[in-house]
Number of protein chains: 2
Amino acid sequence: MTQQQATVAPEEVRTVACVGSGVIGGGWAAHFLARGYRVAAWDPAPDAERRLRGLVEAAWPALIRLGLAEGASIDNLVFAPTLAAAVAEADFVQESAPERLDVKTSLLAEIDAAAPAHVVIGSSTSGYSMTQMQTGAARPERLVVGHPFNPPYLIPLVEVVGGTSTDTWAVEWASAFYRAAGKSVITMDRELPGFIGNRIQEAAWREALHMVANDEATVEQIDLAMTAGPGLRWAFAGPCLTFHLAGGEGGMAHMLDHFGPSLKAPWTRLESPELTGELRDAMVSGTDKVVAERSTDELIAQRDRRLIAIMRALAEVEAEEAAQHMREGR
Amino acid sequence: MTQQQATVAPEEVRTVACVGSGVIGGGWAAHFLARGYRVAAWDPAPDAERRLRGLVEAAWPALIRLGLAEGASIDNLVFAPTLAAAVAEADFVQESAPERLDVKTSLLAEIDAAAPAHVVIGSSTSGYSMTQMQTGAARPERLVVGHPFNPPYLIPLVEVVGGTSTDTWAVEWASAFYRAAGKSVITMDRELPGFIGNRIQEAAWREALHMVANDEATVEQIDLAMTAGPGLRWAFAGPCLTFHLAGGEGGMAHMLDHFGPSLKAPWTRLESPELTGELRDAMVSGTDKVVAERSTDELIAQRDRRLIAIMRALAEVEAEEAAQHMREGR
């Protein structure tokens, strides 16, 4: 594996090319603009420039509320006439084409041929592995997946992983760049269908589909169960920290030792893995890292403060929207 | 099925008995006190009163921030010397004993024997059905499940369902009472292991356990993937509304028609149900009800406002905590 470096340090990127400017690519463009980058966009669809500018303008008030980086401006968006022109001066390329393997593979090969030699190219794919997509590229070592969540200008998560022909430096460079661009990055050391976030999201989604298919719950009940229940906690504490707190003073260890048998209960269609001693210990030591020496009392106080802050913030937004509707006479 | 009514209307409840006052029962007590009820608690554990009062006092500042009902006071909490004394004057009983079927069954029979004849009795169980638990009661028709999420004084969701011997009026009375007490209520017309919220939560949890068991992800990565990704959206939009927005202008219908094939992809261990025309239509019409005639642009604007409000609220809490730590010299 070569240790060749990209030409620009991750923190010194000035220009990002966004290839494909639909909902995801356009969302990336809005994010990069808000973080102060110059964005060169390209998309072959007719009317693409108008739609992209509309999307960025619609997102901009939200991004102002969230706080723009110094020098950030919508004026830093250029819509390039060709793919080659878009990537010619880019320090990083984000590809967000439709989810079709043939489209992605040939587009990545074209980007690879047109972009400066050591520039890292990230793909927004949610469905394919880079190993599948990098087969047409002359320099596949600089191709990585940088998988965002919708909308990319607000949701922080990006999952970064390379293919079998990707060099380690490219994965590391991309992870450092996304972090510098304000994202929360998970760097994966192996390709996993659905990455991590989508595996969890998809498990919940399929359970929901099963419940509707079997007349066990309605769509409305499912959505309310999420937003009035576990969803409120998951906005700030993942499933592991949440269940650590369910274990009281004994934490994750007590939770697993005490509720382990209920893993066999038919609470979902998804079968549980065997709760071996090894898995138990991995969950406990991993949760210890997430807890980072906070006491149970401290964790509970932090949880309560966050739940209240979220519920109050959502109530304020609802009150504002209701007042707005009143003013508009709706 | 008798149509006998409870003695008190759901909106006129004054006194709630909390039988079992651990983390869940104590959380219920704090919730009911904050909503202005008188609470009579009982728990056979030594030191139970001191622990209960500690829990309520720890939760009280949070409940003040969230807003107390008129007349709400910690002084409205009475710790009763016996089970019979606790339930004697109750207009509603919430049972929150440890999750053991024999304990629950005999305790519910005791409560039933001691409580006024037409008072509804709710169980906090997360693991048993009321059909299993009501076998020892002389008046099983008034026994329902009222399943909360932790902490019950903050998370709004309560899932209400009866057993085979429960009368419809009791399920309806309990649903109306919990609503009057400020909860978000899902009334289920059948017993389902894990109810609805836990089925979804448990599917996500088991997928997480599988990933750790297979060295595919660490606990830290899983928790970050949730809180920086789908968890932020799930605090205000359930899985169905979220995927409706993923479908763009075409909404849920386009999402299912376009991404249907990816349901077969191995994005989780949970197999997907067959996406029949019937299931597709049920998802589309159910999502229509959740959408309630809001346009896609309006939904996106609402989503963005809520995401920003949540992220800003969480950032403010973090800044406050950091300042607090500085003051404490930690």
Side-chain angles (χ1 to χ4, degrees), chain A residues 62 65-66 149 154 156-157 184 186 192-194 196-210 212-213 216-221 223 225-232 234-235 238-241 266-268 270 272-273 279 282 286-287 289-290 304-305 307-310 313 317, chain B residues 62 65-66 149 154 156-157 184 186 192-194 196-210 212-213 216-221 223 225-232 234-235 238-241 266-268 270 272-273 279 282 286-287 289-290 304-305 307-310 313 317:
Chain A
R65 280 208 299 288
L66 207 55
F149 274 68
L154 291 179
L157 185 62
S184 294
I186 293 180
L192 182 67
I196 298 171
N198 266 340
R199 286 192 87 86
I200 298 174
Q201 175 169 258
E202 190 76 9
W205 170 239
R206 292 188 189 179
E207 186 64 40
L209 286 175
H210 278 293
V212 173
E216 293 165 348
T218 66
V219 167
E220 286 170 290
Q221 289 177 323
D223 271 13
M226 181 63 93
T227 57
L232 282 174
W234 279 338
C240 306
L241 184 57
W267 285 11
T268 153
L270 182 51
S272 163
L279 175 55
T287 303
K289 284 186 198 159
V290 172
D304 287 5
R305 277 194 291 268
L307 278 173
I308 289 164
I310 288 173
V317 170
Chain B
R65 280 207 298 288
L66 207 56
F149 273 68
L154 292 178
L157 185 62
S184 295
I186 293 180
L192 181 68
I196 299 173
N198 266 341
R199 286 193 87 85
I200 298 175
Q201 175 170 259
E202 190 76 8
W205 171 239
R206 291 187 190 179
E207 187 64 40
L209 286 175
H210 278 293
V212 173
E216 293 164 349
T218 66
V219 167
E220 286 169 290
Q221 288 177 324
D223 271 13
M226 181 61 93
T227 58
L232 282 174
W234 280 339
C240 306
L241 184 58
W267 285 13
T268 151
L270 181 52
S272 163
L279 175 55
T287 303
K289 284 187 198 159
V290 173
D304 286 5
R305 278 195 289 269
L307 278 173
I308 289 165
I310 288 173
V317 170

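This is a predicted model, so every value here is computed, not measured. Throughout, a chain's letter reflects where its sequence line sits, starting with A, and its residues are numbered from 1. Quick note: numbers below take in every heavy atom, side chains included, and nothing from hydrogens, waters or symmetry partners.
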* Structure fact -> Heavy-atom closest pair (A:R206 atom, B:P273 atom, distance to 0.1 Å) is O-CD, 4.1 Å
* Write down the atom of A:P266, the atom of B:P193, and the distance for their closest heavy-atom approach. => O-CB, 3.4 Å
For the candidates [options], which exhibits the highest count of non-hydrogen atom pairs separated by less than 4.5 Å from chain B?
{"options": "A:G238, A:A213, A:G194", "answer": "A:G238"}
{"options": "A:R65, A:E207, A:H210", "answer": "A:H210"}
{"options": "A:V212, A:L154, A:L66", "answer": "A:L154"}
{"options": "A:A62, A:A208, A:S184, A:C240", "answer": "A:C240"}

* Output all residues satisfying side-chain hydrogen bond (donor to acceptor under 3.5 Å, both in side chains) with B:T287, sequence neighbours left out; order by chain, then residue number. => none
Among [options], who wins on heavy-atom pairs under 4.5 Å with chain A?
{"options": "B:A235, B:G229, B:P230, B:A204", "result": "B:A235"}
{"options": "B:L157, B:V290, B:I196, B:D223", "result": "B:D223"}
{"options": "B:M226, B:E202, B:Q221", "result": "B:M226"}

* To do: Nearest 0.5 Å please: distance from the CD atom of A:E220 over to the CD1 atom of B:I186.
  => 10.0 Å
Where does [X] contact chain A at under 4.5 Å (heavy atoms): side chain, backbone, both or neither?
{"X": "B:L307", "value": "side chain"}
{"X": "B:L192", "value": "side chain"}
{"X": "B:T218", "value": "neither"}

* Structure fact -> For B:E216, the salt bridge (charged side-chain N to carboxylate O under 4.0 Å, His left out) test, sequence neighbours excluded, returns B:R269
* Asked: Got A:P156 and B:L232 here, is their nearest side-chain heavy-atom distance under 4.5 Å?
  -> yes
* Do A:N198 and A:F149 touch side chain to side chain, with heavy atoms closer than 4.5 Å? -> yes
